[in-house]
Amino acid sequence: MSEQIGISNLPNQRYKLASKNGGYFTLMVAGESGLGKTTFINTLFQTTLKQSPDAKVRHKSDIHKTVEIEITRAELEEKNYTLRLNVIDTPGFGDNINNRNAFQPIVDFIDDQHDLYMKQEQQPERARAHDLRVHACLYFIRPTGHTLKPLDVEVMKKLGSRCNLIPVIAKADTLSPNEMLDFKNNIRAIIEAQDIRIYSPPIDHEDQGAAEHARQLIESMPFAVIGSEELHEVTPGAAPVAGRKYPWGIVEVENDQHCDFRKLRSLLLRINMLDLILSTEELHYETYRSLRLSDDVPERSHEISRINNPKFLEEEKALRQAFSNQVKVEEQRFKQWEQNINTERARLNHDLSEIQEQIKQMEDQIKKLEISKGIKV
């Protein structure tokens, strides 16, 4: 039998290339203030990506009049693999009495990223395309124990048609197991009745283990999560675990009997991250692109207020930083130029002194010669 031609090595080549280049992932978190979004993100990635605002300062501060967009960038490395992470937060959402159209800046941001990426694809140079398309959106739901609010339904409809929407029940430790089960059933019923599109992990029927895990993830939606950056010792001598400590005990973040944190982490990072990225590219972006090219979606105007547009805020920040750097460079150049002038002045003064000294010596020699000549005469 002849030797194999070697095409089976292609996956190994792709693995090496992916390991070398790393990956990009954009995660959006949306929901009302005070639901622990920042704490959850830090718990999810096991590092402090964002500083949690002080509760006293936050409650004393003015309410956001408009929904803002905050982008946090970080590079995470694990086993020589680098992930370039973008976390998009939406402070100010749902904080006002009248929240009509409060979701519009969030929707506009998602649409703008699709539109900007499409325009970059049409450029001759595409090597440095700026990609902030949202791969997954965690929508945090307040644990009321009853049902979704009309604002939640409206926002989830808008987001579900534009990105991979994953509903999350925040602060799961505030509800009993039975209350949480009823709350989840109510939310599932509303999602089905309102035809809200949420992300569903694909089921691989050829792999029974993976298929069963995917079914468990689907059955667990919406995920009930707890976030905590504090470590507590559950049993003496054992390694401390992340959790929240109460007088009656400790609620563990990574305990499946306490919350769905591990399942959500598995869906986001360990099992379905690639599917989230590919579905963004192949489903949501292609849907927007086809509608845009068929003129079903009007061309987006980017003449948006700089106060509310995160792209302009980033550009303004970058310009300020570039201007500051340029000023520092010019100051350094001026100092170097001044130093060179002083050095040259010192050199010229030194040369002038030497010339003057030589002239004086020559004048003295001339006088001696004249005196000597006069004596001879």
Side-chain angles (χ1 to χ4, degrees), residues 13 16-26 42 45 47-51 53-54 57 68-89 112-113 116-132 301-377:
Q13 299 174 30
K16 291 180 180 179
L17 184 62
S19 299
K20 178 182 178 181
N21 296 336
Y24 293 86
F25 190 68
T26 301
N42 293 338
F45 294 102
T47 186
T48 305
L49 292 178
K50 291 188 64 178
Q51 291 292 339
D54 187 6
V57 176
E68 300 174 358
I69 303 292
E70 291 184 357
I71 303 175
T72 303
R73 291 182 170 88
E75 285 193 4
L76 306 179
E77 185 173 343
E78 184 178 84
K79 294 183 179 179
N80 296 324
Y81 182 80
T82 301
L83 176 68
R84 296 167 182 85
L85 176 68
N86 301 307
V87 178
I88 303 171
D89 197 3
D112 282 346
Q113 301 317 307
L116 290 174
Y117 189 81
M118 187 179 72
K119 289 183 177 180
Q120 290 179 98
E121 281 193 324
Q122 298 169 355
Q123 301 302 315
E125 179 63 37
R126 300 185 300 174
R128 297 182 179 180
H130 184 67
D131 189 5
L132 264 180
S301 173
H302 298 289
E303 297 296 328
I304 306 175
S305 171
R306 291 179 179 269
I307 297 178
N308 299 326
N309 193 322
K311 299 187 298 300
F312 286 138
L313 292 176
E314 280 198 17
E315 291 176 3
E316 183 179 0
K317 184 178 179 181
L319 287 174
R320 287 179 182 274
Q321 185 65 35
F323 177 76
S324 177
N325 293 338
Q326 186 64 27
V327 169
K328 292 179 180 179
V329 171
E330 293 298 329
E331 286 180 351
Q332 187 65 28
R333 287 178 57 189
F334 177 77
K335 290 180 180 179
Q336 185 65 37
W337 175 72
E338 187 178 17
Q339 184 179 356
N340 292 339
I341 290 179
N342 293 333
T343 303
E344 185 67 15
R345 182 188 293 116
R347 187 185 67 80
L348 292 174
N349 289 336
H350 179 71
D351 293 345
L352 181 60
S353 299
E354 289 184 348
I355 294 174
Q356 289 176 345
E357 183 66 26
Q358 291 176 3
I359 293 174
K360 186 178 179 181
Q361 291 177 2
M362 292 177 67
E363 288 176 348
D364 292 342
Q365 290 178 2
I366 291 172
K367 287 181 180 180
K368 289 180 180 180
L369 288 172
E370 288 178 349
I371 293 172
S372 175
K373 186 175 181 182
I375 294 173
K376 288 181 179 180
V377 174

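With rounding to the nearest 0.5 angstrom, the CG atom of L85 is 9.0 Å from the OG1 atom of T72. Taking CD of E121 as the reference point, atom CG of D131 lies at 9.0 Å (rounded to 0.5 Å). The distance from the CE atom of M118 to the CG atom of L116 is 9.5 Å, given to the nearest 0.5 Å. Interatomic distance, CD of E75 versus OH of Y24, reported as 8.0 Å (0.5 Å rounding). Here the CD atom belonging to Q358 is positioned 13.5 Å from the NZ atom belonging to K360, to the nearest 0.5 angstrom. One finds the CD1 atom of I69 at 10.0 Å from the CG atom of D112 (value rounded to the nearest 0.5 Å).
Legend: residues meeting side chain to side chain donor-acceptor pair (under 3.5 Å) with N325, ordered by chain and number and at least two apart, are Q321. Scored by the side-chain contact (heavy atoms from CB on, under 4.5 Å) test, N86 finds T26, R73, L132 as partners (sequence neighbours excluded).
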Let's go through I71 and V87 carefully: what are the C-alpha distance in whole Å and the side-chain angles of both, what is the deciding distance for side chain to side chain contact (heavy atoms under 4.5 Å, CB included) to 0.1 Å, and is it a yes or a no?
CA-CA 6 Å; I71 303 175; V87 178; over 6 Å; no
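Checked by atom type and distance alone, the side chain of D89 never pairs as donor or acceptor with a backbone atom of E70 at under 3.5 Å.
Counting non-hydrogen atoms of neighbouring residues, nucleotides and ligands closer than 6.0 angstrom, the CZ atom of R347 exceeds 12 such neighbours. Surrounding OH of Y81 are more than 12 heavy atoms belonging to other residues, nucleotides or ligands, all under 6.0 Å away.
Between F25 and L83, the shortest heavy-atom contact is CB-CD1, 3.9 Å.
No donor-acceptor contact under 3.5 angstrom links the side chains of N340 and E344, judged on distance only. Side-chain contact of E330 with Q326: a donor-acceptor pair under 3.5 Å is present, judged by distance alone.
Here the side chains of E357 and E354 are not in contact, with every heavy-atom distance at 4.5 Å or above.
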